[in-house]
K.L.:
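Here it is, the structure, as C-alpha cells.
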Amino acid sequence: MIRLHDARSAALAELRPGPGERVGIYACGPTVYGRVHVGNARPFVVFSLLKRFLAHEGHDVTLVVNITDVNDKIYDAARPLGVTSVQLAAEMTAHYLADTAALGLGRPDAEPLASESIEGIVDLIAALMQRDHAYAVDGDVYFRVRSDAEYGSLSHRAIDEMSQGEDGEGTARKEDPLDFALWKAQKEGEDSAWDAPWGRGRPGWHIECSAMAEQLLGVGFEIHGGGNDLAFPHHENEAAQTRMGRGAELAQIWMHNGMLQLRGGTMGKSLGNAVRLHEVLDEVGRDALIMLFAGAHYRQPMAFDDERLAEAGARIARIREAARRLADGESPADMRVHRDAFFAALADDFNTATALGALFEWVREANRRGEPVGRADLVEMLGVLGLENLVEAGDEAGAPEHELLQRREAARLAKDYAEADRVRDELGAMGWTVRDGPEGPSLVRA
RNA sequence: GGCGCCGUGGCGGAGUGGCUACGCAGCGGCCUGCAAAGCCGUUUACUCCGGUUCGAAUCCGGACGGCGCCUCCA
C-alpha cells in the first residue's frame, strides 16, 4: 500500500489507482516569463521521481506538467524587453524545456500549453456560468466564491478571513471582493487574445490548470501536485472551479512540496534572489542536484546553498565509488533487507530521505564484503531516483595513461618513491587518480 | 491579526512512546612506501518549562525562536 500526504484531509491518504492500475499526476509547472530557477526544479524532480516509483510498483502512470504561457506576468516581462508576450513565452518555453531536459529525468507524458487549451477552458467557464457559479461583467468573467460551500476546504481557511484580491484591478466589477477572474477582457497592449461567448480576452491563471488537468486526466484523477505556495489561492481555486463546474472533485490527493530556502529567505521570484536552474546544472551537474532534492523529505523546506550542493556531490561520489567494486547479477539475499527498506520508505509518503539512508546502508554493506557483490539491488534503487547512471562504467584510461601507470609501478617496485609520486602527480594533472588495490594499481577519473 | 509548518549531535537531515537512521566534515585506528578508496571507532543529539506515562526527544499544554501562505512566487 502506498500512502501520500493529502492537503485536503491533512492526513496520509492511501493511493487508489484507477482501472488498469492507472495513476494520473498533474503537477503545476512554470509560468514562462523568464528562465526557471532551481526552486522550479524541485516539483519537477519530485513528481518525476514519484512517477518512476509508482511505475516501479506496477502502476500505469501518466504525468502531466503544464506550461503557463498566458499570464499577466508574461505581459509585464515582455513590455520592457520590446517583444510581444507571445515571443517571450515561446522563447522561455524553449529554455524551460532545455533546462529541465538537462536534469536527465526524461519528459512528462504531457506538457500542455495554456495557449493551446483555450477550447477546454472556455468550455469549463461556460459550464460554471450555466450553473450560476460565474458571471460576466464588461467582458470579464468572475467565479462566485461564496457559491461554493466548500471553498477553503483545501487550504483550511475560513472564507471570512480571506482578503484575496481586494485591492486588485476589477474590484469595482466584482460582486464580491473574494471572487477571482476566470476570463479577462483584452486590454490595451495585450497581444494574445481569443474570442469567447462573453467577449475577446484570455483566461485567468487558475482556470487554465483546471481545464488542462481535466482534458488530459479527466475529473477525479489520483494526484495533483505543486509547490505549497500554490495551495492558496491557486489550488483552492482550481478545486472550486471543477467542483462547481463538473460536480466532482478534480483530484483525490493534493500533494505539496516544500520551498527551497536560500540564506535569508525563500527563493521567491519576487525577492530577486533566485538561482537559475541552468547555472546550477552547469556548475555541479544533475546528479548532485537530484541527490540534494532526494536527501530531504519532499514536504520539508530545504536549505539550498553551495555547501549543500557540494555535500550532495560527495554523496554521489560515495555511490559511484561503491559501484566500481560491484559485479554483474543478483545481489546477496541477506542484503535485500536494505533494498526492501528503501521501497518501504518510498511507500510511506514518498520518503526519499529515509530511502537514501537504506541505500547507503546497502552501500556500506557492499563495501564491507571482501568479494564484489551483485549490483542488481543498487541498480533497482538508483533507477527510481533517476541515478542509474552512477553504476555505469566510467571513462577508460587510454594507452598513454597505462604506460605512465606502468612506469610508476616499476619505480615503486624499485623503491624510487620520488619518481613514483612524480608520475602519479603527472597522471593527476591529466585527470586520473591512481588506486593501489590488491590486484595492483588502477586508474579512475578524478 | 488569521491559517499552517518547523525547532534533532560541528553541519545537513530522517525517524520514533523504550531498540546505532543516513550522509558530509573533523579526529583516532586498520590497510598503504606515502596517498587515494574502503572498513572500524568517535564517550547522555533531540529549544525551554510544565503535564500524561513504568518510561517522552517522540503524546498534551504553555513559552521562546525560525519559516510559508493570506497580494496570479514551484
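Just so we're on the same page: letters track the sequence lines, and every chain starts at 1. It should be emphasised that the depicted structure is a prediction, and the values quoted were computed from it without experimental measurement.
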K.L.:
Decide yes or no, distance alone: a donor-acceptor N/O pair under 3.5 angstrom between the base of B:rG12 and the side-chain of A:R308.
P.N.:
no

K.L.:
Only one of A:D436, A:D425, A:D421 clears side-chain hydrogen bond (donor to acceptor under 3.5 Å, both in side chains) with A:R408; which?
P.N.:
A:D436

K.L.:
Rounding to the closest angstrom, what is the interatomic distance between B:rU20 and B:rA37 at atom P?
P.N.:
29 Å

K.L.:
Is a side-chain donor-acceptor pair under 3.5 Å present for A:D109 with A:T62?
P.N.:
no

K.L.:
Report the residue from A:I121, A:V64, A:N66 that forms a side-chain contact (heavy atoms from CB on, under 4.5 Å) with A:C209.
P.N.:
A:N66

K.L.:
Report each atom pair, protein N/O against N/O of nucleotides 8-10 of chain B, whose distance is under 3.5 angstrom.
P.N.:
none

K.L.:
Could you give the CG-to-C1' distance, from A:D306 to B:rA25, as a whole number of Å?
P.N.:
16 Å

K.L.:
Quantified in whole Å, what is the C1' atom distance between nucleotide B:rU47 and nucleotide B:rU8?
P.N.:
10 Å

K.L.:
Quick check: any donor-acceptor pair below 3.5 Å linking the side-chain of A:D436 to the base of B:rA35?
P.N.:
yes

K.L.:
When A:L385 is tested against each of A:L105, A:L356, A:V45 for side-chain contact (heavy atoms from CB on, under 4.5 Å), which residue passes?
P.N.:
A:L356

K.L.:
To the nearest angstrom, how far is A:M302 atom CE from B:rG68 atom C1'?
P.N.:
16 Å

K.L.:
Quickly work out the A:D76 CG to B:rU71 P distance and round it to whole Å.
P.N.:
18 Å

K.L.:
So what does A:R299 touch, heavy atoms closer than 4.0 Å: a base, only the sugar-phosphate, or nothing?
P.N.:
nothing

K.L.:
Assign each of A:G258 and A:R325 to its nearest nucleotide of RNA chain B by heavy atoms, then name whichever residue's nucleotide is nearer the 5' end.
P.N.:
A:R325

K.L.:
For A:N367, which contact category applies under a 4.0 Å heavy-atom criterion: base, sugar-phosphate, or nothing?
P.N.:
sugar-phosphate

K.L.:
Looking at every strand, decide which applies to A:T68 at a 4.0 Å heavy-atom threshold: base, sugar-phosphate, or nothing.
P.N.:
nothing

K.L.:
Grab the CG-C1' distance between A:N228 and B:rC6 for me, whole Å please.
P.N.:
12 Å

K.L.:
Does the B:rC34 base have a donor-acceptor partner in the side chain of A:R424 within less than 3.5 Å?
P.N.:
yes

K.L.:
Which part of the nucleic acid does A:H234 contact within heavy-atom distance under 4.0 Å: base, sugar-phosphate only, or nothing?
P.N.:
nothing

K.L.:
Look at the rings of A:F343 and A:F53 and say which category their plane angle falls in: under 30° parallel, 30 to 60° tilted, over 60° perpendicular.
P.N.:
parallel

